[in-house]
**Q** 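Take a look at the following structure, please.
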Amino acid sequence: MLEIRDVEVAYEDLQAIWGVSMEVAAGEIVVLIGPNGAGKTTLMRAIAGLQPPLRGRIVLDGAPIQSLAAHSIVERGVVLVPEGRRLFAGMSVYENLLLGAYTAKARAAQAKSLRRVQEVFPILAERRDQAAGTLSGGEQQMLAIGRALMSLPRLLLLDEPSLGLAPLVVRDIFEVLRQINRDGVTLLLAEQNARMALELAHRAYILEQGKVAGQGTGPEMLASDHVRRAYLGYVTAGEEASEK
Amino acid sequence: MNLEPIFQNLVYGLFVGGLYGMAAVGLSLVFGVLKVLNVSHGELLMLGGYVSFTLFDAYGVDPFLSIAIAAPLLFLVGLGLHGGLFRWVMRLHEEAKIKNSLLIGFGLALVLENLALRVWTADERAITTGYSGEGVTLAGIVFPYTRMSGLVVAFMAVMLLHLFLTRTYAGRAIRATSEDWEAASLMGINVQRTYVVAFAIGTALAGVAGTLVSLGYTIAPSIGLAWTLKALVVVVLAGLGSIFGAFAAGILLGEAEATSIYVFGASYREVVGLVLFIIVLLLRPQGLFGRRVR
């Protein structure tokens, strides 16, 4: 579905992504893990059209999208839930959801999408007329995901959806992501919360210093020495041996 | 003590304040959405005034009727100015954008002023209709028809803008873009197109304000800067993000000026707005009705 080939991205004169290639097949949950500053957010922004790559190709269903504006990429069914959620804080929950259904196609399905989103996140129906900025962190993340679902994504990009949330809330959110995927939406997820993300993932890539430093299936990654040492917090050799 | 002159002053303050509000709403919209301070806003208002003056002078069109021509015409002017000038600064980063848009605005103001000088000469113009000077007198206080209608038209224009911004997809796209343009583009909103529309609406609002100014006040090629400054004071008083706030702040400024005329004399009228401007910046920099920036 999505193919990234030798992509390089730079801000002004600072390059953040160096020749990254990866693939996401239709129906998959692909996770991108890596330390803070590795370039996960930059890569997500490049796919969504917010930060056009310097070089390389981003191909969606055979068509290059790397030079399209962000709004055209949304029309093609690729929707980003950005880091920090970026809700329209001064507007109501309902208005945020309506803005999610802005494209012509999404607008036509608006009533149906709204019912579906409120089924997945009942709290959004309860808080319908409240300003988005007054929601709790978890509710805000639910609204951000709900708003993205209103755009009828085929490929949903999520940048750090667990950031700043309590572990129980994160668990709920990940459960919803699994459900969204079962409903046929392909997911690409950038996460620092490596364990939960890898448990969810079909496949994963490790991004370190702007380069792909490893890849594999979810279970493979959970078992990999490098991942366990760097991202899952296993330190002692004894512990590693006993786990094998 | 005779209270009539005081109340008469306050009534005139209300009418002129409505115009200040009307002039400020367009500036506020453009500033809020494009993050560009259009310092040629007053010259656009002047153009609107000349449109209605010319229509009245040459064809006898009633100025309230000519709003229906001036507003769409200025909307088109706005489309042209954005496409030809302001569009080029929209992709620059913040600092360069502010500097360059100010340069464009000042340049445009000079061009428009001199254009008006050639087309309409330096004479001060005003529209005097058959019903100008007439009005109702209540308890010794005069309410002139033209100014009352002007206030009503201004309020209706602001109301329409409010409905457009809150009830339509295009309006919500404008508000979303003003809050966070990147997030707006992630909704599938064509942000560049939103900028064009918002700028054109801002210009049309200047045109409506100009028409109202031509009625009972004066239009001349040089009035632009004064109106830009009035509108700017009102925008700072109101804060960003509230259309009705800008209108209310306009009326507040009008009343403050009217009161000062009575208390200190007419020569201090301009000072009052600037004093208010400084007080608000010191005590409440987000404005009287503005959102606090998080």
**Q** Report yes if the side chains of B/Arg172 and A/Leu98 come closer than 4.5 Å at any heavy-atom pair, otherwise no.
**A**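 Result yes, sub-4.5 Å side-chain heavy-atom pair found.
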
**Q** Just list the side-chain donor-acceptor pairs under 3.5 Å for residues 74-92 of chain B, sequence neighbours left out, or say none.
**A**
unit_1, atom_1, unit_2, atom_2, d
B/Arg87, NE, B/Gly83, O, 3.2
B/Arg87, NH2, B/Gly83, O, 3.4
B/Trp88, NE1, B/Gly84, O, 3.1

**Q** Let me confirm one number: the OH-CG distance from B/Tyr169 to A/Leu99, rounded to the nearest 0.5 Å.
**A**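 It is 7.5 Å, given to the nearest 0.5 Å.
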
**Q** List the atom of A/Thr103, the atom of B/Gly188, and the distance in Å for their closest heavy-atom pair.
**A**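 In terms of heavy atoms, the two residues are closest at CG2-CA, 4.1 Å.
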
**Q** Go through the structure and list residues passing ring-ring contact (aromatic ring centres under 6.0 Å, His included) with A/Phe88, not counting sequence neighbours.
**A** none

**Q** OG of A/Ser72 to CG of B/Asn190: how many Å apart, nearest 0.5 Å?
**A** 7.0 Å

**Q** Say you draw a straight line from CD1 of B/Ile189 to NE2 of A/His71; how long is it, rounded to the nearest 0.5 Å?
**A**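 Rounded to the nearest 0.5 Å, the CD1-NE2 separation comes out at 10.5 Å.
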
**Q** For A/Leu50 versus B/Ser185, what's the shortest heavy-atom pair and its separation?
**A** CD2-OG, 3.4 Å

**Q** Compare every heavy atom of A/Arg86 with every heavy atom of B/Ala183, then report the nearest pair and how far apart it is.
**A**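 Closest pair (atom of B/Ala183, atom of A/Arg86, distance): CB-O, 3.5 Å.
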
**Q** Can you tell which part of A/Gln51 gets under 4.5 Å to a heavy atom of chain B, answering side chain, backbone, both or neither?
**A**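 Nothing of A/Gln51, per the 4.5 Å heavy-atom cut-off to chain B.
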
**Q** Quick one: are B/Asp180 and A/Leu87 in side-chain contact, heavy atoms under 4.5 Å?
**A** no

**Q** For each of A/Glu75, A/Arg85, A/Met91, A/Met150, tally heavy-atom pairs with chain B at distances under 4.5 Å, and name the one with the top tally.
**A**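 Ranked by heavy-atom pairs under 4.5 Å with chain B, first place is A/Met91.
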
